[in-house]
Amino acid sequence: MTNYDFKAIEKKWQHYWNVNRCHEPDMAQSENKFYNLTMFSYPSGDRLHVGHWYNFAPADTFARFKKMCGYNVFQPQGFDAFGLPAENYAIKHGIHPAISTRQNISRMKEQLIEMGAMFDWRNEINTSSPEYYKWTQWLFLKLMEMGLAYQKKSPVNWCPSCSTVLANEQVNNGECDRCHSQVTKRLLKQWFFKITEYAEELLTCLDSLNWPEKTKHMQRNWIGKSIGSSIQFSVVGHSEVIEVFTTRSDTIFGATYMVLAPEHPFVNSITTTNCLSKVTEYVESTKKLSEIDRTSSDRDKSGVFTGAYAINPLTQQEIPIWISDYVVASYGTGAIMAVPSGDERDFQFATKFNLPIIEVVSADGEIHGNDQCFSDYGIVINSEKYNGMTSEAAKISVDDFLESKGIGGAKVQYKLHDWLISRQRYWGAPIPIIHCDDCGIVPVPFDQIPVLLPDDINLAKTYGQDISPLATHDNFINANCPVCNKPAKRDADTMDTFVCSSWYYLRYPDSHFDDGPFNPDKTAWLPIDQYIGGAEHATMHLLYARFITKALRDGGYLNFDEPFSNLFHQGTITRDGAKMSKSKGNTVSPDTYIEKCGADVFRSYLMFMGPFDEGGDWTDTGIVGIERFIQKSWKLCQKELNSSESAKDLYILHTTIKSVTSDLESKKFNTALSRLMEFVNYFVAKNTISKNIRDQFVQLLAPFMPHAAEELWEMFGNKNSIFNSNWPKCNEQFTIESMIEIAIQVNGKLRGSIEIDKNISKEALLQRVKELENIHKFISGKEIVKEIFVPGRLVNIVIK
RNA sequence: GCCGAGGUGGUGAAAUUGGUAGACGCGCCGGACUCAAAAUCCGGUGACCCUUGGGUCGUGUGGGUUCGAUUCCCACCCUCGGUACCA
């Protein structure tokens with residue numbers, strides 16, 4: 001009997017898989033394809049951590065299972081290699097990002113190979129390589145061609161610590177998603193992708209996706225569709241027309257004042273001289289407030305009067321225009337009509353500043369006074385010809401009226417903003433644009449990309465100076481205009497790394513393709529059949545990738561609507577309740593466990609810990625259970641074989657096949673392993689096993705413990721990899737039991753159980769049951785009200 | 001505040017459409033093997049009561065529906081995610 005020498009075994013099979021190219025599907029053959037993808041990772045300087053394993057290893061088990069089920073499985077790997085950490089590391093240690101990135105990638109690859117996963121390395125991707133970012137630049141130029149990339153000056157999020165602007169999605173609670181510094185606003189000219197053009201489709205297509213509901217929900221909220229009306233208010237004595245968005249045009253007769261965001265472009269022009277100093281002071285003071293302070297909703301309302309008045313288009317009344325920070329510039333038009341009787345915030349504001357309140361909607365159509373605000377739908381009052389209408393009906397009538405006058409009408413508003421993709425950093429894909437004094441913004445011609453990122457750059461010199469490092473690089477920044485050939489300047493910014501990751505999955509099927517971002521002959525491998533990654537990307541990567549896919553479809557490059565038909569989020573492994581991070585010093589390295597018990601045991605333990613989508617707090621007590629399990633399995637597989645198989649043996653085998661198969665299908669790895677343990681416990685107790693049953697067991701084990709299974713399979717005399725064998729089939733006929741145990745209840749309380757023929761009739765069963773001593777005790781002398789029989793489960797005798 | 005997910009033994013966790021709560025694992029207790037220990041194997045292990053058979057309670061808390069509720073309904077408490085005056 002051989003020992004389970006995991007060190008030798010794991011090395012041996014990793015080598016075997018590599019030499020025999022076991023993980024390289026025939027890419028010319030997309031029939032029966034299964035594109036299994038985990039989110040690629042950032043090549044950090046740390047070793048691979050438990051989080052990586054928790055993403056990759058169970059995903060690999062799933063891929064191996066699919067392969068044994070007969071799929072042509074493609075599981076590529078790559079690196080999201082551009083980004084801030086490498087650049088910051090360079091500033092601190094003087095090591096060029098290209099060098100540290102290259103080192104990190106090669107080290108991570110070694111570790112990924114040790115994991116024993118079925119990665120196809122032929123199509124490795126490194127987003128920081130020119131052959132990749134050439135096509136990121138191509139994507140930019142294409143989007144520009146399609147009118148989906150544009151430059152605009154607007155107030156944008158600025159992270160002072162990262163020294164760059166950020167997209168809306170990358171700001172949480174007013175903090176930078178990456179470094180948690182307070183984000184400030186700056187008025188800058190930046191590049192945007194027009195994701196809002198796809199807002200409606202991004203929203204509606206969610207319904208068809210097999211994604212976690214929670215994630216779809218988050219995307220719906222992020223897109224933030226809101227159906228309402230746009231209404232124009234003219235300003236007394238000015239040519240300006242203030243446009244507002246409201247979901248309650250039925251309450252317009254109660255609009256007794258207006259509020260502009262302090263950043264609203266009209267503030268300067270409409271403010272009267274006597275109000276100017278107060279308005280200026282207020283605008284300045286809001287600038288100083290942090291995003292968090294400004295947006296905490298329980299804050300007291302503040303604001304000042306501009307001195308200007310607008311005309312309510314339905315009442316023709318003059319209403320004062322105020323500014324207040326409770327109106328945010330970034331949503332809608334940055335201006336509102338305020339209806340204090342119908343909106344809690346307006347009500348607070350009006351009460352504080354003594355502005356008039358007119359009741360316009362009530363539940364019953366009667367007048368109830370202005371002591372409180374009524375924000376529900378109801379019956380319209382105090383609104384001339386609209387009186388007596390329901391809110392719903394009044395909205396339609398008011399919208400019709402506004403439309404007929406050309407001053408508004410029904411409108412749909414989204415919370416989603418265009419995606420700001422410029423970054424004032426070095427380690428990213430340069431934006432392929434040239435700024436010419438005469439010709440303006442000129443895209444770099446397609447035959448001149450990639451616009452190469454220069455190697456020789458002094459990062460420390462520019463850091464913290466609010467300029468893009470590339471702006472200081474003379475050879476880079478100076479270029480001739482492609483149109484007029486006069487001296488011009490390149491765009492000094494690089495692209496958000498989320499642009500790189502928004503299309504990488506398209507390139508994997510042929511990552512060395514030279515004539516385009518992805519090989520049109522290989523698009524049959526798309527879209528991804530199973531995508532597995534963290535939930536933290538819900539409103540960033542996962543939204544951007546969907547948008548880019550749709551844009552490329554409309555550009556005629558793809559013929560599908562959604563990149564990730566099936567999405568699964570692995571849970572997070574925490575340590576003492578906290579997310580693991582290097583800065584907290586609470587990371588757990590898999591390496592010591594690999595050294596001690598091997599990759600098979602470690603990956604299986606991660607899967608056995610609990611449900612894959614829940615993660616959990618890390619503890620290694622219990623890993624010994626998996627070690628014992630493989631040891632027992634190992635010995636069992638070397639037992640002297642028994643040529644006979646009892647009905648019970650076959651029952652155990654086939655019920656195990658059945659549950660392991662369905663558990664794997666739904667990624668319930670923990671319960672699948674439990675079933676395998678039960679299987680082993682049974683046959684260890686029996687002390688013998690048949691060849692047939694033993695072989696099928698090892699096949700069931702293989703996706704979890706690929707190295708060990710290969711070794712056993714070879715020991716059994718097989719010449720081919722176990723992953724080329726067919727997944728065992730459950731024969732239902734063996735899973736049927738003739739005798740079953742039925743629970744016996746009296747008044748719903750368990751009083752015993754009985755082993756009985758499965759097909760026994762209710763009458764016969766009840767007769768047998770009533771004769772049982774413990775049951776008789778409870779029912780004798782009592783009136784039987786009801787007898788409930790759940791076939792295969794229980795009987796319940798209800799007595800009075 | 002709002003939205004979503006979740007609270008089950010000492011512990012990680014299981015439980016078809018409501019149908020024997022705690023599978024499987026860890027830990028712990030007892031036993032076998034051993035000079036002894038480790039490893040391994042066997043048995044036990046929700047709490048309380050009781051002499052065995054058994055009984056009472058028990059899935060965050062309090063109600064409800066039901067013959068029967070971890071599962072459905074109502075109210076509340078706590079934890080974790082998301083969101084943040086979104087007009």
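Note that these values count all heavy atoms, side chains included, but never hydrogens, waters or copies made by symmetry. Residue numbering restarts at 1 for every chain, and letters A, B, ... go by the order of the sequence lines.
Rounded to an integer number of Å, the gap from A:F629 CZ to B:U40 C1' is 17 Å. The nearest whole Å value for the distance from the CG atom in A:L542 to the P atom in B:G82 is 14 Å. For the pair A:H417 NE2 and B:A84 P, the computed distance is 11 Å after rounding to whole Å. The distance between atom CE of A:M337 and atom P of B:C85, rounded to the nearest whole Å, is 20 Å. Here the C1' atom of nucleotide B:C41 and the CG atom of A:L636 are 15 Å apart, to the nearest Å. A straight line from CD of A:Q631 to C1' of B:C41 spans 14 Å, rounded to a whole angstrom. The separation between A:K216 atom NZ and B:G82 atom P is 20 Å, rounded to whole Å.
Residue-level contact check: A:S753 touches neither bases nor backbone, having no heavy atom under 4.0 Å from any strand. Using a 4.0 Å heavy-atom distance criterion, A:D346 is classed as making no nucleic acid contact. Looking at heavy-atom distances under 4.0 Å, A:E773 makes no contact with the nucleic acid at all.
Taking the six-membered ring where tryptophan is involved, the planes of A:F683 and A:F679 are tilted, since the angle between them lies from 30° to 60°. Between A:Y593 and A:F602, the two ring planes are parallel [angle under 30°; tilted spans 30° to 60°].
Checked by atom type, the side-chain pair A:S230/A:E243 shows a donor-acceptor distance below 3.5 Å. A donor-acceptor contact under 3.5 angstrom links the side chains of A:N681 and A:K632, judged on distance only.
Rounded to a whole angstrom, the distance from the P atom of B:G60 to that of B:A14 is 15 Å. For B:A69 and B:C73, the C1' atoms lie 11 Å apart once the distance is rounded to whole Å. Nucleotides B:A5 and B:A75 are separated by 16 Å at their P atoms, to the nearest Å. Separating the P atom of B:G31 from that of B:A38 is a span of 13 Å, rounded to the nearest Å. Nucleotides B:G68 and B:C24 have their P atoms positioned 30 Å apart, rounded to a whole Å. To the nearest whole angstrom, the two C1' atoms, one in B:C78 and one in B:A23, are 28 Å apart. For the P atom pair drawn from B:C50 and B:U61, the interatomic distance equals 26 Å after rounding to whole Å.
Put simply, A:N670 has a side-chain N or O that comes within less than 4.0 Å of OP1 or OP2 on B:A14.
For A:R751, the CZ atom sits in a packed shell: over 12 heavy atoms of surrounding residues, nucleotides or ligands are nearer than 6.0 Å. Shown here is A:Q631, whose CD atom has more than 12 heavy atoms of other residues, nucleotides or ligands within 6.0 Å.
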Protein-nucleic acid N or O pairs under 3.5 Å, nucleotides 70-73 of chain B:
none

Enumerate all atom pairs, one protein N or O and one N or O from nucleotides 56-58 of chain B, separated by less than 3.5 Å.
unit_1, atom_1, unit_2, atom_2, d
B:U56, OP1, A:R751, NH2, 3.4
B:U56, OP2, A:R751, NH1, 2.9
B:C57, OP2, A:K749, NZ, 3.2

Please list, for nucleotides 24-34 of chain B, all pairs of protein and nucleotide N/O atoms separated by less than 3.5 Å.
unit_1, atom_1, unit_2, atom_2, d
B:G25, OP1, A:N681, ND2, 2.9
B:C26, OP1, A:R628, NH1, 2.5
B:G27, OP2, A:R628, NH1, 3.4

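For A:G334 and A:G752, each mapped to the nucleotide of RNA chain B holding its nearest heavy atom, the one lying further toward the 5' end belongs to A:G752.
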Treat a base pair as Watson-Crick or G-U wobble with both distances under 3.5 Å, then lay out RNA chain B in dot-bracket form, 5' to 3', with | for cross-strand pairs. (((((((..(((......[....)))((((((.......))))))((((....))))..(((((..]....))))))))))))....
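Side-chain contact between A:N157 and A:K185 is present, with at least one heavy-atom pair separated by less than 4.5 Å.
Of the residues in residues 792-800 of chain A, those placing a heavy atom less than 4.0 Å from an atom of RNA chain B are A:R793, A:L794, A:N796, A:V798, in numerical order. Taken residue by residue, residues 784-791 of chain A places heavy atoms nearer than 4.0 Å to RNA chain B at A:K786, A:I788, A:V790.
Here B:G4 is the nucleotide among B:G4, B:G54, B:U20 with the atom lying nearest to any side-chain atom of A:K214. The side chain of A:N774 approaches B:G54 more closely than any other nucleotide in the set B:A87, B:G54, B:G19. For A:M609, taking side-chain heavy atoms from C-beta onward, the closest of the listed nucleotides B:A14, B:G12, B:U20 is B:G12. Checking B:U20, B:U83, B:C85 against the side-chain heavy atoms of A:A743 singles out B:U20 as nearest.
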Are A:F349 and A:Y326 close enough, and set up right, to give a ring pair (Phe, Tyr, Trp, His ring centres under 6.0 Å), and what steps lead you there? CA-CA 9 Å; A:F349 192 84; A:Y326 85 90; 5.3 Å; yes
